[in-house]
Undergrad: 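Quick one: this structure, given as structure tokens, is what I'll be asking you about.
Only this structure's heavy atoms are used, side chains among them; waters, hydrogens and symmetry mates stay out. The chains referred to below are lettered A, B, ... by the order of the sequence lines, with proteins before strands, and numbering in each begins at 1.
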Amino acid sequence: MSEILVVVEQNDGTVKKVTLELLTLAASLGSPSAVWLGPGYSDTAAATLTEYGADKIYVSDSGELADYVVAPKAETIAAIMADVTPGAILIASTAEGKEIAGRLAIKTTSGVITDAVAVAADFTATQSVFGGSTIVSSAVTTGTPIITVRPNSTAPQVKPGAGTRVDVAATVSDAAKGAKVTGRTVAQKGGRPELAEAAIVVSGGRGVNGAEGFGVIEALADSLGAAVGASRAATDAGWYPHQFQVGQTGKTVSPQLYIANGISGAIQHRAGMQTSKTVVVVNKDPEAPIFELADFGVVGDLFSVVPQLTEEIEKRKA
Amino acid sequence: MKIAVCVKQVPDTWAEKKLRADDSTLDREAADGVMNELDEYAVEEALRLIEAHGGEVTVVTMGPERAAETVRKALSMGADAGVHLVDDSLHGSDALATSYALAEVLAARSFDLVIFGSESTDARMSVVPAMVAERLGVPQVTFAQKVEVDGTLVKIERQTEYGYDDVEASLPAVVSVVEKINEPRYPSFKGIMAAKKKPVETLSTADAGLDAAKLGSSASWTVVSAFASRPPKAAGTVVSDEGTGGEQIVQFLTEQKFV
């Protein structure tokens, strides 16, 4: 059974949920091998990766992997691929993940597929394109399939693997050290999950009517343990920070549950959330196109509906 | 400073996009073409940089005949010159082939800075800037929400999942920009008139010295085996709020086991 490399996404040493999803997906394709890139590797991380199926864990914990943009990671994965000839490489479909995939494709003369939502046993990938309106099956025809997979595409399953640690000897070349990270700023996000991989996203749009209006959106998000998103109308108006924009020029999310509040549902926004599994809509305009996507919708004022919803959820939790 | 801005003509953002039944490529005839929105931010940033530091901006595109409109738009915003790579053999090029063609055209003209929009609204892969940096062997400073040039250094704020990183690199370098970076200008009437007199170099792949074996559908390292429209979503339940809208949502969420 061929090795399937899974590039680990981590935050200060904590393995992200999307990596557990990719390990579960990898187990359906071959023998999962996690690839840890950067400082912060620990017994806890090893235990988590093993618990979710990693038979091998390639560890390269050089600080240089975090100190320079993308290129060292692509180089290190290429070095591992030269040694092990994996069946495929799975990478989370984040901004950086896709960049790693792109550079790796050139280095290893391999085809790359981004934003897959499923991968079959023959490595045919399913993609949802044009804002979710078209479903495409595609396959890599040259080299090793390099596939980036959207968060929330697979439910992670506990399935312990062998978890054998393999240290990677490769060092980072000077050529890969062109873009140096000199500072890191973490935006406050109130302990909420990351937007791209959150299971539940609560979003606000033009109907929220101002920065202070996002208080009710955040309160609902916190009652559900959800991430907060915003439409472009809201971020352009400066009501909510730009990095939380969901849509064609912002982030694409595919959560289990998406709650759209005061969002009309222009194609710009739908392109970023159309593949959400369940959609709930609150909007005072019954003609808003977002209702076409709703599994459940309420025509009404979000400032009365949303607080009532939050209160009711809190009551049930109590 | 010599800056290149790579722009792409894409189907109008508001139009419905479809794949062609014959070769599974995007049907570009079916909708009006516009400059990819994020590329307008790239053009704007280039113009601001030369307004501050001096130099010239060359806009580079690859695409069919009518992509010349997109070059013209960038010139009317204020770019100085254009390069349009156009050839039937480019049709169906994937990101790898596109990055090869762009890198060759850029390398032949030695720019200090190459600026891209971070993503196109049609393919949305977001990989071409990184690929071009890889091929040119120059630093990649991508997903910039702020760009400064300081002597021979370029410094950016790179947007990340958690906030942003400060990143610096020596010139030459490849930059991509996100929407937060600026507010693109509209072409003025004077700009539109001036654009008609600005030089645009139209290149075939042979003119550019490209290897035909690395271009087009046949050179693609991936293949689309099938595609279909997403089945329309079954109509959901929509109710009017009569004072219990929030409670009704909780009822639904409970049935769906979210609460």
Undergrad: So which part of B/Gln159 gets closer than 4.5 Å to some heavy atom of chain A, the side chain, the backbone, both or neither?
TA: side chain

Undergrad: Picking from A/Thr182, A/Ile259, A/Thr94, A/Leu257, which has the most non-hydrogen pairs under 4.5 angstrom with chain B?
TA: A/Leu257

Undergrad: Counting heavy-atom pairs under 4.5 Å with chain A, which one of B/Thr244, B/Thr222, B/Val127 comes out on top?
TA: B/Thr222

Undergrad: Can B/Ser176 and B/Ser118 be counted as having a side-chain donor-acceptor contact under 3.5 angstrom?
TA: no

Undergrad: Among A/Ile147, A/Ile113, A/Thr134, which residue meets the side-chain contact (heavy atoms from CB on, under 4.5 Å) test with A/Gln127?
TA: A/Ile113

Undergrad: Which atoms of A/Ser110 come close to chain B, meaning under 4.5 Å heavy atom to heavy atom: side chain ones, backbone ones, both, or neither?
TA: backbone

Undergrad: Which region of B/Ala173, side chain (C-beta onward) or backbone (N, CA, C, O), has a non-hydrogen atom less than 4.5 Å from a non-hydrogen atom of chain A, or is it both or neither?
TA: neither

Undergrad: What part of A/Val70 is in contact with chain B, defined as an atom under 4.5 angstrom from a non-hydrogen atom: side chain, backbone, both or neither?
TA: side chain

Undergrad: I'd like to know if B/Asp166 pairs up with B/Lys155 as an ion pair, taking the criterion as any Lys NZ or Arg NE/NH1/NH2 lying under 4.0 Å from an Asp or Glu carboxylate oxygen.
TA: no

Undergrad: Going by an N to O cut-off under 4.0 Å, is there a salt bridge joining B/Lys18 and B/Asp27?
TA: no

Undergrad: What I want to find out is whether A/Arg103 reaches A/Glu99 closely enough, with some N-O distance under 4.0 Å, to be called a salt bridge.
TA: no

Undergrad: Which one, A/Thr310, A/Ile106, A/Val136, A/Val181, leads in non-hydrogen pairs under 4.5 Å with chain B?
TA: A/Ile106

Undergrad: Contact part of A/Ala271 toward chain B, heavy-atom cut-off under 4.5 Å: side chain, backbone, both or neither?
TA: both

Undergrad: Quick one: what part of A/Val140 sits under 4.5 Å from any heavy atom of chain B, side chain, backbone, both or neither?
TA: both

Undergrad: For A/Asp295, which atoms come within 4.5 Å of any heavy atom of chain B: side chain, backbone, both, or neither?
TA: both

Undergrad: Examine whether an atom of A/Ala95 lies under 4.5 Å from a heavy atom of chain B, and if so say whether it belongs to the side chain, the backbone or both; otherwise answer neither.
TA: both

Undergrad: Any idea which of A/Thr249, A/Leu195, A/Val282 has the most non-hydrogen atom pairs under 4.5 angstrom with chain B?
TA: A/Thr249

Undergrad: Fit a plane to each ring of A/Phe296 and B/Phe252, take the angle between them on a 0 to 90° scale, and name the class: parallel (under 30°), tilted (30 to 60°) or perpendicular (over 60°).
TA: parallel

Undergrad: Under 3.5 Å, is there a donor-acceptor pair linking the side chains of B/Glu134 and B/Gln140?
TA: no

Undergrad: Between B/Glu37 and A/Arg232, is there a side-chain N and carboxylate O pair less than 4.0 Å apart?
TA: yes

Undergrad: I'd like to know if B/Arg135 pairs up with B/Glu104 as an ion pair, taking the criterion as any Lys NZ or Arg NE/NH1/NH2 lying under 4.0 Å from an Asp or Glu carboxylate oxygen.
TA: no

Undergrad: With a 4.5 angstrom heavy-atom cut-off, is it the side chain or the backbone of A/Ile100 that approaches chain B, or both, or neither?
TA: neither

Undergrad: Of the listed residues (A/Ala125, A/Gly102, A/Ser137, A/Gly178), which shares the most heavy-atom pairs with chain B below a 4.5 Å separation?
TA: A/Ser137

Undergrad: Out of B/Val239, B/Val238, B/Thr254, which one racks up the most heavy-atom pairs below 4.5 Å with chain A?
TA: B/Val239

Undergrad: Check step by step if salt bridge (Lys or Arg N to Asp or Glu O under 4.0 Å) holds for B/Glu119 and B/Arg124.
TA: CA-CA 5 Å; B/Glu119 168 174 298; B/Arg124 301 197 69 196; 2.9 Å; yes

Undergrad: Is any side-chain N of the basic residue among A/Lys16 and B/Glu161 closer than 4.0 Å to the acidic one's carboxylate O?
TA: no

Undergrad: In terms of heavy-atom pairs under 4.5 Å with chain A, which of B/Val128, B/Thr160, B/Val259, B/Leu96 leads?
TA: B/Leu96

Undergrad: What part of A/Arg316 is in contact with chain B, defined as an atom under 4.5 angstrom from a non-hydrogen atom: side chain, backbone, both or neither?
TA: side chain

Undergrad: For chain A, which of B/Val154, B/Val141, B/Ile156, B/Thr121 has the most heavy-atom pairs under 4.5 Å?
TA: B/Thr121

Undergrad: One thing to verify: whether A/Arg184 and B/Asp165 come together as a salt bridge, which I'm taking to mean a side-chain N less than 4.0 angstrom from a carboxylate O.
TA: yes

Undergrad: Can you tell which part of A/Gln256 gets under 4.5 Å to a heavy atom of chain B, answering side chain, backbone, both or neither?
TA: both

Undergrad: Report the option among A/Thr141, A/Thr185, A/Thr142 that has the most heavy-atom pairs separated by less than 4.5 Å from atoms of chain B.
TA: A/Thr185

Undergrad: Go through A/Gly297, A/Gly300, A/Gly111, A/Ala196 and name the one with the most non-hydrogen pairs under 4.5 angstrom from chain B.
TA: A/Gly297

Undergrad: Just so I understand: if I count every heavy-atom pair under 4.5 Å between each of B/Gly163, B/Gly245, B/Ala226, B/Ala169 and chain A, which residue has the most?
TA: B/Ala226

Undergrad: With a 4.5 angstrom heavy-atom cut-off, is it the side chain or the backbone of B/Ser99 that approaches chain A, or both, or neither?
TA: side chain

Undergrad: Under a 4.5 Å heavy-atom cutoff, which of B/Gln256, B/Arg158, B/Glu157, B/Gln145 has the most pairs with chain A?
TA: B/Arg158

Undergrad: Are the charged groups of A/Asp67 and A/Lys177 less than 4.0 angstrom apart, N to O?
TA: no

Undergrad: Has the side chain of A/Lys317 got a donor or acceptor atom that lies under 3.5 Å from a matching backbone atom of A/Ser223?
TA: yes

